[in-house]
Amino acid sequence: MNDEFITRAIENDRYLKALQLINRFEMEIEGELKRVADEFIK
């Protein structure tokens, strides 16, 4: 990676999109873990 690569990535919003995907994935995993835990407790 060099400055040009980082600049282009930021310009193309790839970094922000990647963060959004990670956050969405984390939220979905957390929700699934809570659902499984609730099922297990019942």
Side-chain angles (χ1 to χ4, degrees):
M1 286 198 313
N2 57 26
D3 289 341
E4 182 182 349
F5 175 84
I6 294 170
T7 301
R8 286 185 183 201
I10 291 171
E11 287 174 352
N12 291 328
D13 225 9
R14 291 181 187 160
Y15 180 74
L16 179 58
K17 290 176 184 175
L19 286 178
Q20 290 171 337
L21 286 173
I22 291 167
N23 288 336
R24 181 175 153 198
F25 177 73
E26 288 176 344
M27 288 173 50
E28 289 179 8
I29 291 295
E30 184 177 332
E32 188 64 18
L33 288 172
K34 286 180 181 179
R35 185 191 66 76
V36 169
D38 288 343
E39 288 294 319
F40 185 73
I41 292 171
K42 292 179 183 180

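Since the structure is predicted, the reported quantities are computational estimates derived from the model, not experimental observations.
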Quiz item: Is any NZ, NE, NH1 or NH2 atom of the basic residue among Glu30 and Lys34 found under 4.0 Å from an Asp or Glu carboxylate oxygen of the other?
Solution: yes
Practice problem: Supply the atom-to-atom distance Arg35 CZ to Asp38 CG, rounded to the nearest 0.5 angstrom. | Solution: 9.0 Å
Quiz prompt | Ile29: hydrophobic cluster co-members (side-chain, 4.5 Å) | solution = Phe25, Leu33
Quiz item: For Asp3, does the CG atom sit with more than 12 other heavy atoms under 6.0 Å from it, leaving out its own atoms?
Solution: no
